[in-house]
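Worksheet: the structure to be examined is printed underneath.
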Amino acid sequence: MAVERKPVLCRACHVQCGLLVDFEDGKPAKIHGDKDNPIYHGYSCVKGRQLASYHTLPSRLLHTQKRMPDGSHRAIPVTDAIAEIAGKMKTLIAAYGPRAVAGYIGTHGYNNYATQAFSYALLEAVGSPMMFTSVTIDQPGKGISAGLHGPWLAGVPPIGAWDVLMLIGTNPIVSMNGGLGANPARQLHEARKRGMKLIVIDPRRTDSAEQADIHLQLKPGEDPAVLAGIARILIHENLIDRSFVENESVGFDALRKAVEPFTPDVVEERADVKADDLVRAARLFGHAPRGAVSAGTGANMSGHGNLVEYFVKTLTTLRGFWSRAGDVVANPGVLVNRFPAIAASPGPFPAFGFGERMRVRGLTECASGLPTAAAADEILMPGEGQVKALFVFGGNPMVAWPDQLKTFEAMKALELLVTFDPHMSATSKLAHYVIAPKLPFEFASPSMLNETLGNFGPGWGYHLPYAQYSDPILDPPAGSDVIEEWEALYGIAQHLGVTLRIKDLSLLDPKESKEKGTVLDMARRYTADDIWAMLTKNSPVPLADVKAKGRAGHVFDRPKLVVQPKPAGWTGKLDIGNPVMMAELNAISEAPGVRLDNQFPYRMVSRRLHDVLNSCWHEDPILKKRVRYNSAFMNPTDMTREGIASGQIVELESNRSAIRAIVMAEDGVKAGCISMSHAWGGNPGEDDDPFELGSNTGRLSPVDRDYDPYSGIPIMSAIPVRLRV
Ligand SMILES: Nc1nc2c(c(=O)[nH]1)N[C@H]1C(S)=C(S)[C@@H](COP(=O)(O)OP(=O)(O)OC[C@H]3O[C@@H](n4cnc5c(=O)[nH]c(N)nc54)[C@H](O)[C@@H]3O)O[C@H]1N2
Ligand SMILES: Nc1nc2c(c(=O)[nH]1)N[C@H]1C(S)=C(S)[C@@H](COP(=O)(O)OP(=O)(O)OC[C@H]3O[C@@H](n4cnc5c(=O)[nH]c(N)nc54)[C@H](O)[C@@H]3O)O[C@H]1N2
Ligand code: SF4
Ligand SMILES: [Mo]
């Protein structure tokens with residue numbers, strides 16, 4: 001049997017592992033990690049190993065679908081769909097103006113840089129500012145806190161330099177979220193062997209918490225109290241880097257005052273974390289010479305995401321854990337440029353209150369983009385500017401957005417809903433057109449996404465100057481009519497008679513990436529090679545050189561980059577006492593803690609499952625054997641008290657709606673919590689059997705109550721619920 005081995009980068013999630021595909025007689029037979037890969041060291045997960053069969057699942061759409069008047073879908077040639085969509089857009093824009101056309105980039109829109117660039121370009125070309133992304137229903141506190149605190153240009157040292165790591169509401173060993181980089185289990189193992197200490201703040205004993213020196217198993221939503229408590233101990237015990245704080249930041253006195261009420265006893269009372277454990281955690285963190293803090297979705301979705309992410313940065317500043325003059329930059333960049341390596345901050349930048357204004361709840365654009373939690377209202381609310389058309393790029397609003405019942409009404413109200421999706425997702429079922437895209441092994445792509453992420457926090461991206469470029473390794477199935485998403489968007493633009501300007505995504509500054517982008521010749525036939533050349537036009541290493549190194553990932557020989565001292569006369573400083581954040585902290589200290597009240601005694605906390613990604617991979621027969629539905633994981637003591645057993649269906653009700661879910665015992669879940677993953681379940685009115693489709697936790701979050709005033713994110717974790725047997 002002829003066996004051929006082809007390296008490829010996995011695009012099933014953002015971390016883009018370098019994998020090997022063994023072809024037997026021209027067909028992919030086995031996918032596995034690549035032991036020689038200098039970043040991933042052989043790592044793969046089951047989703048990546050199933051990626052070839054994902055291309056041939058019976059449920060994969062091989063043709064673009066059009067919705068018929070009776071609600072059913074029929075295959076049509078993609079070229080027809082492109083022409084019809086453009087025609088409909090023209091009519092809508094003529095009648096309602098360009099703001100009526102909106103876009104939403106979801107997980108798989110993010111995973112595909114060409115889709116990202118072309119989707120923004122199309123909206124811009126028609127004059128619509130209405131591009132939503134999953135960022136504002138994910139970790140919007142990251143961008144907002146960066147604005148309020150200010151970025152540190154030199155970034156953070158790599159994991160190899162840390163003596164301590166604090167993880168808050170994130171479980172990178174499963175999720176690959178930042179904190180531990182690529183192949184997180186291996187990185188953690190090596191760091192632990194070296195002596196790095198780990199502090200985990202999470203209501204659940206996660207895979208990451210299992211390995212922690214200290215696990216603060218807090219009441220969900222009480223993160224600000226815990227972090228303020230830690231900051232207070234650092235200040236009281238003089239465990240801060242005084243000269244760094246004095247020279248590089250402003251606002252220390254305001255911070256000191258605001259954290260003062262959060263004594264260890266107060267924190268114990270509010271967050272149900274032992275005062276001694278809090279002190280131990282603060283001392284472990286405060287005595288470590290170097291370290292890092294990383295937060296995730298749990299920290300961002302439980303009511304005070306901006307403040308928690310602000311503490312992530314403030315604790316880093318208090319300890320002076322940022323990269324300093326003389327440090328060698330671990331990854332000077334290959335396909336993506338980094339910020340200038342200077343040990344200085346340009347100071348805060350606007351975090352909210354600019355750009356496009358939403359017509360609801362006083363929301364505006366923020367440093368993490370437009371508030372996606374307002375998108376359904378923008379579609380439903382009549383009046384000037386009402387959204388009439390929505391393009392969904394690799395996302396699934398019907399199961400992922402908060403307030404599913406409202407989202408359902410919104411999707412049905414649209415005059416044009418177009419999804420780019422290989423499956424008849426819950427959202428696609430309501431779409432007028434579902435464009436059937438090529439899948440990752442059918443087109444080329446370089447490792448830009450994970451490299452870009454490396455610029456935004458500790459333990460994200462690559463800790464070495466690494467890049468990989470993948471060729472297409474599979475042909476689309478015989479008889480199919482699938483298309484690369486950028487080609488479909490280019491076709492729509494051609495029909496509309498507009499000119500696209502493609503951003504150079506090797507540049508981080510949005511303005512620069514636009515200015516240095518490429519204006520397309522709309523009469524030309526571009527190839528994928530042309531597009532990737534545009535997207536990497538100003539990359540530190542030319543794409544041609546990356547390609548020349550072959551198709552397996554490679555560490556590039558880059559000139560050594562050393563962090564330079566702050567130039568003379570520099571005025572920018574970090575702000576650790578931002579008035580908006582301090583006011584939020586004061587309000588928390590004056591309000592009673594999250595009490596498990598009689599009406600809604602449980603808190604539903606979000607979590608990720610190893611074998612699926614959000615709403616993806618649920619239809620894969622192999623993965624289905626591992627995970628069929630999203631269980632409601634509960635502490636056995638709560639189950640005994642309620643008289644319920646694993647496998648039993650219960651009803652979970654919030655102040656918005658109720659869902660039925662299947663209970664599963666898990667010792668590591670804090671009592672009083674129900675730990676459940678999102679993006680399951682079907683559309684309202686569909687089969688409500690949780691054993692078949694799972695349960696939609698989005699249905700429990702109202703978007704118009706308890707939302708963040710800047711990003712619009714509602715409570716999507718730590719949701720107060722009651723349980724009925
Ligand atoms: N309550 C609660 N809600 C949450 C969360 C939570 O923790 N709790 N998490 C939030 C977060 S962090 C996020 S990011 C969002 C997720 O929000 P979304 O990105 O909107 O949802 P996904 O389920 O990731 O949608 C992915 C879609 O892409 C399709 N797809 C798969 N492969 C491809 C491909 O190659 N190309 C294209 N074009 N499409 C593809 C899938 O079929 C699926 O329909 O959900 C959010 N919702
Ligand atoms: N296998 C797999 N990997 C994924 C995904 C997936 O679905 N499956 N999704 C991808 C996406 S879209 C994203 S955004 C990332 C997210 O990556 P992470 O943010 O690491 O997501 P989780 O693994 O859900 O970890 C969130 C943790 O927060 C905890 N938590 C919940 N509420 C609170 C709270 O109030 N306070 C604190 N301190 N903790 C709380 C939960 O118990 C959980 O352990 O993962 C990505 N990777
Ligand atoms: S962790 Fe992500 S990139 Fe790596 S194999 Fe799994 S799905 Fe693919
Ligand atoms: Mo996400």
Side-chain angles (χ1 to χ4, degrees), residues 8-17 19 31 44-62 65 104-113 115-116 133-135 137-138 171 174-177 297 372 392-401 404 407 419-431 434-443 445 449-450 474 482 485 606-631 676-683 686 692-698 716:
V8 73
L9 76 91
C10 178
R11 277 200 290 107
C13 87
H14 66 274
V15 84
Q16 301 191 316
C17 297
L19 303 178
I31 303 187
S44 67
C45 84
V46 64
K47 302 183 291 299
R49 294 194 294 272
Q50 282 298 102
L51 198 47
S53 48
Y54 195 61
H55 290 64
T56 55
L57 285 183
S59 59
R60 176 176 178 190
L61 294 177
L62 299 178
Q65 306 291 310
Y104 166 66
I105 299 181
T107 308
H108 284 283
Y110 260 99
N111 283 358
N112 186 335
Y113 264 31
T115 304
Q116 252 192 67
T133 74
S134 49
V135 178
I137 51 166
D138 183 329
N171 183 23
V174 165
S175 69
M176 312 283 139
N177 203 54
T297 49
T372 294
V392 175
F393 306 105
N396 196 356
M398 271 316 307
V399 293
W401 285 7
Q404 196 201 36
T407 306
T419 60
F420 289 69
D421 205 303
H423 293 280
M424 234 24 211
S425 66
T427 309
S428 296
K429 284 183 186 160
L430 305 172
V434 186
I435 308 280
K438 284 192 182 173
L439 286 181
F441 286 172
E442 295 162 353
F443 56 92
S445 87
L449 168 65
N450 198 45
L474 284 181
V482 288
E485 290 155 30
S606 290
R607 61 108 56 81
R608 262 114 197 107
L609 298 171
H610 184 262
D611 304 327
V612 294
L613 187 104
N614 305 339
S615 71
C616 312
W617 278 266
H618 299 190
E619 55 284 273
D620 183 300
I622 303 283
L623 298 179
K624 247 190 159 142
K625 282 191 194 141
R626 293 170 166 244
V627 49
R628 269 197 87 85
Y629 48 80
N630 56 334
S631 301
M676 219 171 152
S677 52
H678 62 290
W680 287 81
N683 288 333
E686 274 184 14
E692 275 309 309
L693 288 174
S695 323
N696 188 261
T697 59
M716 292 162 66

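Here the structure is a predicted model, which is why all the values come from computation and not from measurement.
Minimum interatomic distance between P422 and P437 (heavy atoms only, all atoms of both residues): N-CD, 3.6 Å. The heavy-atom pair separating N614 from W680 by the smallest distance is O-NE1, 4.4 Å. Nearest heavy atom pair, residue L19 against residue I31, reads CD1-CG2, 3.9 Å. Taking both residues in full, the closest heavy atoms of V482 and L61 are given as CG1-O, 4.0 Å, listed atom of the first, atom of the second, then distance. Here the closest non-hydrogen pair linking T115 and G109 is CB-O, 4.3 Å. Scanning all heavy atoms of the two residues, the minimum distance from P440 to H55 falls at N-NE2, 3.6 Å.
From L609, atom CG reaches atom CZ of R626 across 12.0 Å, with rounding to the nearest 0.5 Å. Remark: N683 CG to L430 CG distance equals 5.0 Å, nearest 0.5 Å. How far CZ of R11 is from CG of L51: 8.5 Å, rounded to the nearest 0.5 Å. For the atom pair OG1 (T427) and OH (Y104), the distance works out to 8.5 Å, reported to the nearest 0.5 Å. Taking OG of S615 as the reference point, atom CG of N696 lies at 10.0 Å (rounded to 0.5 Å).
Without hydrogens or angle criteria, Q404 side chain to G682 main chain gives a donor-acceptor distance under 3.5 Å. A side-chain donor-acceptor contact under 3.5 Å links N630 to the backbone of S695. At distances below 3.5 Å, not a single donor-acceptor pair connects side-chain atoms of T419 with backbone N or O atoms of D421.
The closest side-chain donor-acceptor pair between H678 and S606, if any, does not fall under 3.5 angstrom.
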